[in-house]
Structure formats: C-alpha cells, structure tokens
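The structure appears right after this line, and notes come after that.
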Amino acid sequence: MFLDPIKLSSNATMASTYVDGEKTIVYFKGQNHQPSFADDRTNAEVLGYDIESVMFPNDNGILLNGWMLTPKEGQPDITLLHYHGNSGFILNQHQAIAPLMKHGFRIFTFDYSGFGFSGGAPSNASLFADGMSALDYLIRRPETQTTPIVLYGQSLGGHLATVIAAQNQEDIDGVVIEGAFTSYRDITTKRIPVIGGMLIKQGRDAVDFIKRNSKPLLVIHSKEDQIIPYQMGKTIFDNANEPKTMYTVKECHSCGPIFYADSIAVKIRAMFQ
C-alpha cells in the first residue's frame, strides 16, 4: 500500500517518460547513471536546468541515486531537499517539483532504497534511514554551505519530512510539506474502512513530530486531493508551531508546483524575510 517503486537494473541504459506532455527518451551513462533527455536518438531535449546524477551511501552502506538540479541561469539562493512520493522513481517523481527551478531554487532529489537505481529493498525502516542519509549528504556539499536548506516533502515524502525535520533542527532552515498524511494508521483506515486501522501499527505520527519543529513551515494541500484528505494536512498545520503558513490549493494530489509554482516560490522565500 505504501511503497510502489519502479526498480531499474544497474546496467539499464534508457527509459521513457513524458515532459510537458511529450514522450521523451532518457539515456543513462556511467557509474552514476547520468541522464540525458532526447525526443529521439539524435535530438537533445532542452531542459531549463542541469542535472548532476550522484550515488551516495546510506547508513548501511547501500548506494542511493540522487539528482542535483540546478538552474541554467542565475545563482540559486535556496536549496530544497525533495522527499518524493511512494511510487515510480526519480525520473517521473522529480517532475512534480522541477517547475520550481524556474524560480531560482537548487533542488536535490533522490530515490529511496529499492527505487530506480538505488540499491537495497524498499521498507518503512529504510525509508527513514534514507531520508536522514540524504540530508547528511546534502549539507556536506560545498554549494549548499551558503544557502538555506528547506525540506520539501510530497505525499509519503511529506510525512517523512516531518520526522526528518524534528530530528535535525540544527541542519535545516525551513520545511514544506505537501499532500501529507497524519499517520500510517490514519491513511490505512481511510482506504480500508473499519478494519484498516487494525492491519497496521500507528508508527510515526506526523502530528507528534511536527510539534517538535520550530523552523518556518509551509503546509500545502489541495481541497480536491483524492488520495490524502485535505483535513489531514489541516490537522498537521493546526498542531504545528509558529511561524507557519497554510496554503490551500486546488488540482490533483501533490501537484502544487505544477500549477502554483509562482506563489509557492513566493511563500518559500517569505520564510526568510
């Protein structure tokens, strides 16, 4: 129910995706699986940002695949650490946050264990270990030393961001959670009424962890979200400390940057004004 990864063979050389509605072929090269986007085998797809693909270890020594996204023009003034949702892999998941690149953010996104080119197997335990390892890797990158670091979690990654933020207050400067659920038991009960809550332990509760966050918080949730009820995002917000902002939007689950990149960018920058 919670983890639905697409796993790639370590020697995979290509995959397909859609960019702005157009089918796009992506080629992977080298030990770090550096991607290049093309509309066919000869014509390069021009992106508005550069991608640096890296492999970094988690605490268990398993290599995870991450992408550092940097605007082609201008100097980024804020670094976002993206925790993506529960399905697919970095190729399709990064597109849910990439529109923010047009507003001068640097974004580091990565695949959890068992997703894409990342090693290991997906599990609840590895998910949180991977989230910690990604932050640890990011704060050691030279280019992030002079910019605020903001956790940006979407859906499953939004829940993850509340936990990572609570445990790493000294290493972050802000938190954005979009389309997040309150707890694993709550969302299981929503999907499987009556017996759902009996099938899974409560686990980490975003409501409890958000109370430990003192950094500026932006909660984004769609009133039209068909996956995670809007009220769950509102409950997380209501239990959070100031300074905090609730941004209620429309459209699909965790689609904020696709439809509202301009206003989301403004709200993130307002955290530091």
Side-chain angles (χ1 to χ4, degrees), residues 1-4 80-88 92-100 103 109 124 127 131 150-166 174-197 199-213 215-271:
M1 178 182 297
F2 295 109
L3 297 171
D4 184 25
L80 306 180
L81 172 52
H82 180 223
Y83 294 124
H84 68 61
N86 75 320
S87 63
N92 60 289
Q93 285 284 0
H94 92 282
Q95 295 178 59
I97 196 170
L100 290 173
H103 297 273
T109 186
N124 189 40
L127 180 74
V150 176
L151 305 187
Y152 194 125
Q154 294 179 304
S155 192
L156 176 79
H159 182 275
L160 175 60
T162 66
V163 180
I164 302 300
V175 185
V176 181
I177 60 173
E178 179 182 354
F181 54 84
T182 47
S183 73
Y184 284 89
R185 178 173 290 172
D186 289 346
I187 194 59
T188 304
T189 301
K190 166 67 169 57
R191 296 186 181 183
I192 310 175
V194 183
I195 66 170
L199 298 176
I200 191 170
K201 295 179 180 179
Q202 177 70 4
R204 296 174 174 88
D205 191 323
V207 173
D208 290 337
F209 279 94
I210 205 64
K211 294 175 182 177
R212 307 181 201 177
N213 175 63
K215 301 297 182 179
L217 172 71
L218 172 61
V219 177
I220 305 169
H221 215 113
S222 172
K223 278 278 194 177
E224 299 174 356
D225 195 323
Q226 299 297 308
I227 307 298
I228 309 295
Y230 173 80
Q231 188 56 44
M232 288 195 180
K234 185 63 165 58
T235 297
I236 294 172
F237 174 79
D238 289 343
N239 283 274
N241 300 310
E242 296 286 356
K244 60 181 180 179
T245 301
M246 181 81 194
Y247 185 29
T248 299
V249 297
K250 297 182 179 180
E251 308 298 342
C252 51
H253 173 62
S254 292
C255 293
I258 297 174
F259 295 99
Y260 302 95
D262 293 359
S263 52
I264 289 174
V266 169
K267 293 179 184 299
I268 292 175
R269 286 208 160 80
M271 291 178 170

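Values in this document were obtained by computation on a predicted structure and should not be read as measured data.
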Which heavy atom of [X] sits nearest a heavy atom of [Y], and at what distance?
| X | Y | answer |
| --- | --- | --- |
| Val176 | Met271 | CG2-CE, 3.8 Å |
| Pro229 | His221 | O-NE2, 3.3 Å |
| Leu217 | Ala240 | CD2-CB, 3.3 Å |
| Tyr152 | Ile97 | CG-CD1, 3.7 Å |
| Ile164 | Tyr83 | CG2-OH, 3.3 Å |
| Ser155 | Gly85 | CB-CA, 4.4 Å |

Ignoring hydrogens and angles, tell me if any N or O in the side chain of [X] forms a donor-acceptor pair with the backbone of [Y] under 3.5 Å.
| X | Y | answer |
| --- | --- | --- |
| Lys215 | Val175 | no |
| Asp225 | His253 | no |
| Gln93 | Ser87 | yes |
| Glu224 | Cys252 | no |
| Tyr247 | Glu178 | no |

How long is the gap from [atom1] on [X] to [atom2] on [Y], to the nearest 0.5 Å?
| X | Y | atom1 | atom2 | answer |
| --- | --- | --- | --- | --- |
| Leu156 | Ile228 | CG | CD1 | 9.0 Å |
| Lys223 | Lys234 | NZ | NZ | 9.0 Å |
| Glu242 | Thr245 | CD | OG1 | 8.0 Å |
| Ile264 | Leu100 | CD1 | CG | 6.0 Å |
| His82 | Leu151 | NE2 | CG | 11.5 Å |
| Met232 | Ile227 | CE | CD1 | 12.0 Å |

Row check, Phe259 ring normal vs Lys250 NZ/CZ: under 6.0 Å, within 45°: no
Verdict with reasoning, Tyr184 to Asn124, per side chain to side chain contact (heavy atoms under 4.5 Å, CB included): CA-CA 10 Å; Tyr184 284 89; Asn124 189 40; 3.3 Å; yes
Beyond-backbone contact of Phe2 with Thr188, side-chain heavy atoms, under 4.5 angstrom: yes
Intermediate values then yes/no, side chain to side chain contact (heavy atoms under 4.5 Å, CB included), Val266 and Asp262: CA-CA 6 Å; Val266 169; Asp262 293 359; 5.9 Å; no
